[in-house]
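Take a look at the structure below.
Hydrogens, waters and symmetry mates play no part in the numbers below; they use all other heavy atoms, side chains included. Whatever order the structure lists them in is the order used to number ligands and atoms, beginning at 1. Owing to the predicted nature of the structure, the values given are computational and were not obtained by experimental measurement.
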Amino acid sequence: MKEKLAVFGGEPVRKNKIFYGKQDITDDDVAVVARVMQSDLITQGPETVALEKALCEYTGAEYCAMVSNGTAALHIAAMAIGIRPGDEVIVTPITFAASANCILYCGGTPVFADIDPKTYNIDPEDIKRKITDKTKAVIAVDFTGQPVLSDAIRRICDEHGLFFIEDAAHSIGSSYKGKMVGSIADITTFSFHPVKTITGGEGGAVLTNNPELYHKINLYRTHGITKDESQYEYENEGAWYHEQQLLGYNYRITDFQSALIHNQLKRIEAYKKRRQEIVAMYNEAFSKIPELIVQEEAEGADSCRHLYVLGLRLDKLSCDRRQFFDALSAENIQPQVHYIPTYYFPYYQGLGYKKGICPNAEAYYEGALSLPLYPKLSDEDVCDVIKAVTKICNYYVK
Ligand SMILES: *Cc1c(COP(=O)(O)O)cnc(C)c1O
């Protein structure tokens with residue numbers, strides 16, 4: 001017997017709606033923010049320095065610069081490695097638009113490499129195929145929180161003299177072969193947007209082990225201006241003196257945002273544990289349903305998962321992704337789709353990118369939807385999601 005779906009007037013699986021992601025702000029977080037807001041320095045100050053130190057300790061990175069958001073972090077990364085007009089940068093299309101936009105900000109050309117159909121991360125073999133004599137860097141995204149195959153990518157980058165940037169907006173807390181994300185690539189960027197694993201409302205970080213890159217990163221976030229005497233190009237004229245040495249931006253973060261992120265960082269291991277529990281519950285249930293595809297984890301990956309992506313076997317279902325998405329939404333489980341391949345957007349089509357360049361990414365997009373995943377989901381919430389997905393599969397199974 002097929003149960004009547006809520007989308008056709010049946011009883012929804014639950015009464016109130018749950019969404020694919022949600023921040024967790026405690027009373028203690030609020031108290032910390034209030035304290036810093038009433039202190040003397042409210043923009044980039046001691047709280048930001050303390051957070052940078054804590055992020056270095058947590059990830060094993062040598063240097064960290066906090067910035068206003070994850071997109072600013074990516075822009076700074078692209079500027080620090082010197083992306084200019086004529087340069088090509090290889091990037092995945094299954095990501096938020098900012099991963100490729102940061103290349104365009106610098107006048108460079110994004111070149112899209114396809115994903116691995118099992119892990120959904122950029123495929124090192126396709127990176128190799130996309131390298132030309134103009135290639136300057138690879139921007140690899142730890143999609144859903146699963147770290148990319150950094151050994152293989154490092155080898156390719158070293159062989160061809162390329163920079164390796166890791167867009168780790170999804171993957172703070174993850175590690176690959178025992179190395180924490182943040183300590184692996186030439187530059188790693190984090191985002192602290194509210195849907196990400198820990199948040200400051202907005203916020204970003206740029207991490208590196210390279211002192212020269214760190215020097216540039218630091219300049220780019222504050223207009224290219226330095227007050228560090230040891231770095232002056234001209235004579236120090238007095239206590240007021242400072243120098244603008246390159247064209248940077250105001251990408252500072254406030255100190256109360258840094259304090260909030262720092263307080264959240266203290267809970268990250270508990271968040272990771274709960275996220276992994278929820279992923280395990282979903283995997284256990286969905287791997288038994290032949291109409292569904294479960295994301296695979298590469299060997300050596302320990303992922304603090306930001307997203308749970310469910311794949312639909314459209315050949316085994318009599319609906320498309322849109323019908324499945326709307327049916328789930330009517331059951332009061334609000335999914336999302338991560339992501340529309342970047343080059344599908346009108347802006348990128350206008351730049352001349354054609355559909356068909358990354359067949360695995362395009363096939364993935366047709367059947368993908370993201371289910372609720374955040375630490376505050378109860379076991380009952382997770383059961384509701386499983387119940388709703390199962391109900392819809394039963395309804396549409398061929
Ligand atoms: C969220 C996100 C960004 C951008 O971060 P913001 O802090 O929102 O600017 C970049 N890349 C990926 C993969 C993201 O998910």
Check: What are the two closest heavy atoms between Y63 and P211, and how far apart are they?
Finding: OH-CB, 3.5 Å
Notebook entry, point to check: Relative to each other, are the rings of F143 and Y364 parallel, tilted or perpendicular (30° and 60° limits)?
Noted result: perpendicular
Notebook entry, point to check: Which of parallel (below 30°), tilted (30 to 60°) and perpendicular (above 60°) describes F8 and Y396?
Noted result: perpendicular
Looking only at protein heavy atoms, identify the closest one to [atom] and say how far it is in Å.
{"atom": "atom 4 (C) of ligand 1", "result": "T71 OG1, 3.6 Å"}
{"atom": "atom 13 (C) of ligand 1", "result": "T95 OG1, 3.4 Å"}
{"atom": "atom 15 (O) of ligand 1", "result": "H170 NE2, 2.8 Å"}

[X] near ligand 1 by a heavy-atom separation under 4.0 Å:
{"X": "S99", "result": "yes"}
{"X": "K196", "result": "yes"}
{"X": "Y339", "result": "yes"}

At less than 4.0 angstrom from any non-hydrogen atom of [X], what atoms of ligand 1 do you find?
{"X": "G70", "value": "5 (O), 6 (P), 7 (O), 9 (O)"}
{"X": "V141", "value": "13 (C)"}
{"X": "D167", "value": "10 (C), 11 (N), 12 (C), 13 (C)"}

Check: Just going by heavy-atom distances, which of S191, S171, G203 is nearest to atom 7 (O) of ligand 1?
Finding: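 Selected option, by shortest heavy-atom distance: S191.
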Would you kindly say whether [X] and [Y] are connected by a side-chain donor-acceptor distance under 3.5 Å?
{"X": "E269", "Y": "Y271", "result": "no"}
{"X": "Y282", "Y": "Q295", "result": "no"}
{"X": "S230", "Y": "D228", "result": "yes"}

For residues 81-94, which side-chain donor-acceptor pairs fall under 3.5 Å, sequence neighbours excluded?
residue, atom, partner, partner atom, Å
D87, OD2, R84, N, 2.7
E88, OE1, T132, OG1, 2.8
T92, OG1, I94, N, 3.1

